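Below is one structure, written out as structure tokens, with a few remarks after it.
Values in this document were obtained by computation on a predicted structure and should not be read as measured data. To find a chain, count down the sequence lines: A is the first, B the second, and so on, and within it residues start at 1. Just so you know, these numbers use all the heavy atoms, side chains as well, and skip hydrogens, waters and symmetry mates.
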Number of protein chains: 4
Amino acid sequence: MNKYSAGIVGFRGYSGMELVRLLSAHPRIRPVLLEHRSDSEDRPLPRNHKGPARIPCTADAVRQEKLDLVLLATPADVSMDLAPRMIAAGTRVVDLSGAFRLRTPAEHERWYKEPHTASGLLEEAVYGLPEFYRDRIPAARLVANPGCYPTAANLAVRPLVRSGRLDMAAGVVCDAKSGVSGAGRKPSLKTSFCEVTGNFSCYSILDHRHVPEVLINSGVAEEAFTFTAHLIPVHRGILETIYFRMPGLDSAAAVLSLYERDYAAEPFVRLYDPGRVPDLASVNGTNFCDIGVRYDPATGRGVVVSVIDNLVKGAAGQAVQNANLLLGLPETEGLL
Amino acid sequence: MNKYSAGIVGFRGYSGMELVRLLSAHPRIRPVLLEHRSDSEDRPLPRNHKGPARIPCTADAVRQEKLDLVLLATPADVSMDLAPRMIAAGTRVVDLSGAFRLRTPAEHERWYKEPHTASGLLEEAVYGLPEFYRDRIPAARLVANPGCYPTAANLAVRPLVRSGRLDMAAGVVCDAKSGVSGAGRKPSLKTSFCEVTGNFSCYSILDHRHVPEVLINSGVAEEAFTFTAHLIPVHRGILETIYFRMPGLDSAAAVLSLYERDYAAEPFVRLYDPGRVPDLASVNGTNFCDIGVRYDPATGRGVVVSVIDNLVKGAAGQAVQNANLLLGLPETEGLL
Amino acid sequence: MNKYSAGIVGFRGYSGMELVRLLSAHPRIRPVLLEHRSDSEDRPLPRNHKGPARIPCTADAVRQEKLDLVLLATPADVSMDLAPRMIAAGTRVVDLSGAFRLRTPAEHERWYKEPHTASGLLEEAVYGLPEFYRDRIPAARLVANPGCYPTAANLAVRPLVRSGRLDMAAGVVCDAKSGVSGAGRKPSLKTSFCEVTGNFSCYSILDHRHVPEVLINSGVAEEAFTFTAHLIPVHRGILETIYFRMPGLDSAAAVLSLYERDYAAEPFVRLYDPGRVPDLASVNGTNFCDIGVRYDPATGRGVVVSVIDNLVKGAAGQAVQNANLLLGLPETEGLL
Amino acid sequence: MNKYSAGIVGFRGYSGMELVRLLSAHPRIRPVLLEHRSDSEDRPLPRNHKGPARIPCTADAVRQEKLDLVLLATPADVSMDLAPRMIAAGTRVVDLSGAFRLRTPAEHERWYKEPHTASGLLEEAVYGLPEFYRDRIPAARLVANPGCYPTAANLAVRPLVRSGRLDMAAGVVCDAKSGVSGAGRKPSLKTSFCEVTGNFSCYSILDHRHVPEVLINSGVAEEAFTFTAHLIPVHRGILETIYFRMPGLDSAAAVLSLYERDYAAEPFVRLYDPGRVPDLASVNGTNFCDIGVRYDPATGRGVVVSVIDNLVKGAAGQAVQNANLLLGLPETEGLL
């Protein structure tokens with residue numbers, strides 16, 4: 001059976017390395033490395049190591065190699081530069097950066113504090129959360145792969161919003177914690193070993209650029225939603241503790257039924273028994289989003305715990321899920 | 001200058017070891033180790049190591065040694081057994097367990113799921129948070145040293161409650177994270193290295209036994225308060241991210257002024273510039289509680305970040321602070 | 001294609017969990033969990049989790065289920081009890097403990113400090129290091145899966161010994177470092193998070209029970225071999241730094257050629273360019289043993305760095321490699 | 001009692017931060033921060049934080065402030081630039097870099113691969129290992145504070161060499177492991193959290209620039225000494241496992257007596273009972289070098305384990321020890 005071929009830009013970064021790992025084992029897609037300027041270094045490799053083919057990251061090379069699609073594991077500014085050129089070269093693009101996730105140049109500028117330099121593509125870009133937009137992804141030329149935090153948050157929050165029973169005065173609080181690989185591979189003091197080990201810190205309080213992705217896709221109102229990010233001293237994994245009030249239910253099982261309704265058939269969303277919750281180890285290295293619920297009928301207050309591996313369901317794994325959809329393959333191919 | 005002497009029970013546990021460390025350097029109090037049955041092991045020591053004196057943990061020995069006070073770094077059931085006997089032996093007690101922190105046997109049984117076996121002492125026990133009860137501690141026979149989570153939470157929450165401006169419908173959410181030493185030194189699977197490293201998990205969602213200490217001492221209403229605990233893969237430190245709504249303020253500085261009013265003269269509470277927040281490394285090894293605030297005037301939603309070292313301000317350091325008060329010493333003696 | 005079935009005893013331990021992981025993805029072998037008394041706990045699982053079948057760990061059940069082989073991921077004393085009974089029940093056994101790795105009861109008792117209770121099987125047991133004993137393993141009834149340290153050491157040391165050029169007066173020093181999972185999953189103070197994190201320690205200096213496995217299989221003389229073990233604060237991985245003197249070579253490449261001669265066709269031994277060495281991340285999660293060499297022609301002194309994942313090539317992966325050989329499958333099946 | 005004042009250059013690096021910590025608590029020396037170009041960033045501080053005074057790092061400022069000495073916690077090239085200028089300004093210098101530790105420009109160039117740019121000071125510089133050169137340090141204008149690895153190695157190796165009983169054919173192997181702070185605070189991929197956590201690696205095999213410091217000061221012959229460095233995923237601490245052969249002794253106690261002879265009166269060297277060895281936690285945060293010994297009379301092979309905190313006895317603590325000697329203070333002042 002012939003394999004499709006997918007170019008990877010940014011293959012020395014953490015998301016890019018994970019894309020290489022996943023596609024090297026994928027039965028239907030073969031990775032091709034696209035060499036682009038990069039700050040990162042290679043790791044030493046055994047002498048007989050045979051990795052994927054490498055070609056220059058140019059429109060010509062993409063055309064000549066007949067790549068079926070290109071995965072951009074690059075910073076937003078690089079993605080805004082490359083995405084239009086790759087599409088013009090006749091390939092389809094899954095972009096893992098934040099470049100094409102919002103709906104308008106103004107919205108982008110508000111949260112990213114910089115003007116959008118490829119705004120012509122914003123309207124057609126499809127937000128690549130298959131659990132929400134499975135029907136629109138296959139026909140897209142450009143898929144905006146969701147942010148890591150919003151993936152865990154959207155899957156956890158939308159069923160609550162859709163129930164119509166949320167106490168909006170109480171609001172929804174999302175206390176999010178991520179491993180360090182979420183900050184990328186470029187060296188910085190904030191991600192230096194000695195600054196991170198033995199430490200735990202809070203950042204982007206109330207103004208994280210991932211917030212609008214949650215508002216748009218979960219439907220929670222901006223004034224009701226509070227989000228804060230934290231850095232866990234681990235390589236990978238995101239755990240979000242989400243607080244809400246939904247009066248009138250009699251148990252955690254009643255909350256869980258909202259999730260069962262939405263996700264019963266989802267291959268990558270797993271639910272836990274009422275009162276049980278997952279941790280990072282539950283999903284490490286997998287494309288699952290695991291969700292558990294606690295609820296206190298006396299106060300109507302509840303807590304949802306949503307976990308993913310930020311490099312898999314939060315980045316490379318979801319990109320492969322989107323690639324499968326774009327190429328007409330089974331959505332779980334190479335991901336279980 | 002003569003030194004007071006303080007017995008330490010449970011000196012092989014993490015809080016106990018920290019008590020030994022602090023009192024060995026204390027200019028006015030000398031530690032005496034009280035040997036009690038224990039599951040923990042000693043670490044190997046250099047040949048010429050000279051530690052504090054060791055005596056049996058009996059009323060007779062305490063009397064004979066004329067200990068000025070006894071610090072119990074023991075599980076609650078051991079403390080309920082030892083505290084009455086130590087007091088009967090004529091010494092005063094600072095208890096680091098949860099045994100004497102609540103007000104009634106019923107309240108204790110509700111949260112600790114076990115009957116109180118020394119309830120005669122509950123009424124006279126003074127809650128040892130000096131920032132709140134400095135006037136009552138010096139005369140106490142029994143000081144209930146606060147829990148680690150409640151120390152960070154009470155100092156952060158009470159100024160908000162006292163302002164009278166909290167939106168009670170929004171509630172107060174306390175998302176608390178602690179290093180592993182908070183679980184004690186007794187080996188268990190949950191605190192084994194391989195289960196904890198690379199992981200991050202959530203526990204005691206909505207039903208942590210530290211909750212009532214926050215309700216009682218901060219004044220926040222039970223139905224408005226949500227608390228969840230998490231395990232950080234670090235040795236020590238607590239960071240609490242506290243969410244509230246307080247409409248009508250114009251900036252984080254206005255929130256901070258509530259803290260300045262309460263804590264301007266406090267030696268162990270430190271505030272950060274509006275928008276800046278501390279992390280675990282800010283307080284590691286110290287007796288400080290560091291507090292920072294963010295606030296969004298558009299929504300009235302705010303976030304307080306409160307951090308302590310769980311073994312110092314959350315346990316042994318606070319116990320020394322209480323010991324200083326009991327003995328008429330300057331409150332900061334041996335702690336700066 | 002029909003699958004063979006392999007029973008796993010001790011599936012809640014770290015090696016056992018790794019066996020389950022590997023065999024669950026193995027195309028030709030299906031895992032069956034054998035319930036035996038155990039100290040470890042299960043982790044919480046998603047509601048719809050479907051793991052392998054579970055049957056009691058009895059001879060009857062093994063017979064009835066027609067297991068093709070049984071993998072014992074158990075302590076040595078349990079293995080000495082189970083191995084004879086499983087063989088009597090008509091299945092073949094791969095034992096991951098130290099029970100059957102040495103040659104005589106006396107040798108076993110010298111190093112393990114306890115008498116051997118199934119010594120009748122010692123003689124027929126085959127040491128399961130396929131790179132050395134590939135021809136003898138397929139016909140064995142009982143395979144003694146090598147220890148983790150000896151796997152990395154034997155593969156690194158034997159080519160040096162075989163060269164006949166080692167300076168025996170200089171001796172061979174093996175400074176070995178292992179992640180914490182090597183100590184098993186049973187909780188103990190030595191493997192508690194707070195005792196291990198931020199720490200690094202040395203143990204079993206000059207008297208580790210893994211030493212005789214290296215002497216027997218690499219051929220290095222006991223009086224020339226020094227071995228010391230260390231605990232690295234990581235979950236998994238072994239790195240051994242091996243010091244030797246081999247006068248008269250002109251470069252690291254000359255040392256490497258000894259390894260090329262032995263391992264050119266080995267699927268699970270990888271070599272590095274002269275002067276380059278692997279680290280734990282090179283082999284994490286894989287069945288590879290990676291080897292790199294440095295050499296100083298001026299002094300004749302050299303260093304070999306040998307790394308494996310202690311849970312894969314050092315335990316479960318090698319057990320699967322042995323299982324493949326026992327069942328006549330390609331040796332790499334399910335391991336690449 | 002008046003305090004001496006000591007300028008600190010490089011106070012935002014890890015050694016510099018440790019100097020600030022130690023001198024801020026020193027009863028007789030007051031730290032003054034000398035602002036110099038630097039890549040590192042400050043950490044956020046509480047509002048009312050009062051740190052040491054800051055002045056420019058110029059000869060004029062040093063003169064005007066009448067600094068009694070200057071501590072250079074700077075890279076070697078910066079130290080070669082600053083040391084002569086500071087001495088010319090009339091102060092004395094303790095340099096923590098490798099700039100002045102070797103004896104000749106040729107020796108320096110051989111190991112540091114760069115020419116020495118202040119070679120006029122090489123001859124008068126005194127190697128600041130007080131246990132070896134206590135008599136020469138007080139009169140020095142320039143003290144070369146020892147490297148971290150050589151401090152642990154020299155204290156462990158010299159007693160063996162001095163015994164005259166080492167089997168030189170067997171050689172001395174020093175397998176050294178260090179925490180990440182030894183690499184400095186400047187961000188780099190090699191010290192990024194995600195590259196280091198869960199990993200363990202080997203570097204500078206056979207050619208570490210710290211080697212000559214051990215040869216010169218312990219007296220071990222170059223052809224007999226092998227040194228390799230490793231990176232432990234911890235913030236701080238060095239453990240060296242040192243292998244030797246010394247035939248004819250009857251026990252570890254006999255080896256230990258060599259250490260007792262040399263170090264019985266040393267305040268910062270601690271010995272362990274025969275067969276017991278220290279770990280990083282034994283010395284973390286202290287200025288001690290802890291040493292333990294194992295020995296096998298049957299083979300004459302022995303192992304010494306030597307541990308220090310690389311930022312204290314391996315850098316800032318030793319610098320304060322040297323400062324005490326330079327200023328005529330008790331050597332242990334501010335260090336116990």
Inset, instruction - Report the relative orientation of the aromatic rings in His210(C) and His208(C); use parallel for angles under 30°, tilted for 30 to 60°, perpendicular for over 60°. - result: tilted

Inset, instruction - Give a yes or no on whether the backbone of Ser306(D) and the side-chain of Glu240(D) come within a donor-acceptor separation of less than 3.5 Å. - result: no

Inset, instruction - Could you check Val283(C), Ile308(C), Asn284(C), Leu280(C) and say which one makes a side chain to side chain contact (heavy atoms under 4.5 Å, CB included) with Arg236(C)? - result: Asn284(C)

Legend entry - Ionic contact status for Arg301(D) with Asp167(D), cut-off 4.0 Å: no

Legend entry - Lys/Arg N to Asp/Glu carboxylate O, Glu18(C) vs Arg21(C), below 4.0 Å: yes

Legend entry - Which of Asp279(D), Asn199(D), Val305(D) touches chain C most, by non-hydrogen pairs under 4.5 Å: Asn199(D)

Legend entry - Check: Ser181(C)/Asn310(C) side-chain N/O donor and acceptor closer than 3.5 Å: yes

Legend entry - Region of Ile205(D) that comes under 4.5 Å of a non-hydrogen atom in chain C: both

Inset, instruction - Taking all heavy atoms of Ala252(C) and all of Pro274(C), pick out the closest pair and write down the distance. - result: CB-CB, 3.9 Å

Inset, instruction - Between chain D and each of Gly171(C), Gly179(C), Ala224(C), count heavy-atom pairs under 4.5 Å; write down the option with the most. - result: Ala224(C)

Legend entry - Pairwise side-chain contact, Phe200(D) with Phe200(C), heavy-atom cut-off 4.5 Å (strictly under): yes

Legend entry - CD/Glu260(C): more than 12 non-hydrogen atoms of other groups inside 6.0 Å: yes

Inset, instruction - Identify the residues of residues 287-299 of chain D whose heavy atoms come closer than 4.5 Å to a heavy atom of chain C, ordered by number, or report 'none'. - result: Arg294(D), Tyr295(D), Asp296(D), Thr299(D)

Legend entry - Part of residues 226-235 of chain C lying next to chain D, heavy-atom separation under 4.5 Å: Thr226(C), Thr228(C), His230(C), Ile232(C), Pro233(C), Val234(C)

Inset, instruction - Answer with side chain, backbone, both or neither: which region of Tyr243(C) has an atom nearer than 4.5 Å to a non-hydrogen atom of chain D? - result: side chain

Inset, instruction - Examine distances only and state if a side-chain atom of Thr151(D) and a backbone atom of Gly147(D) form a donor-acceptor pair shorter than 3.5 Å. - result: yes

Inset, instruction - Taking all heavy atoms of Ser178(C) and all of Tyr149(C), pick out the closest pair and write down the distance. - result: CB-OH, 3.1 Å

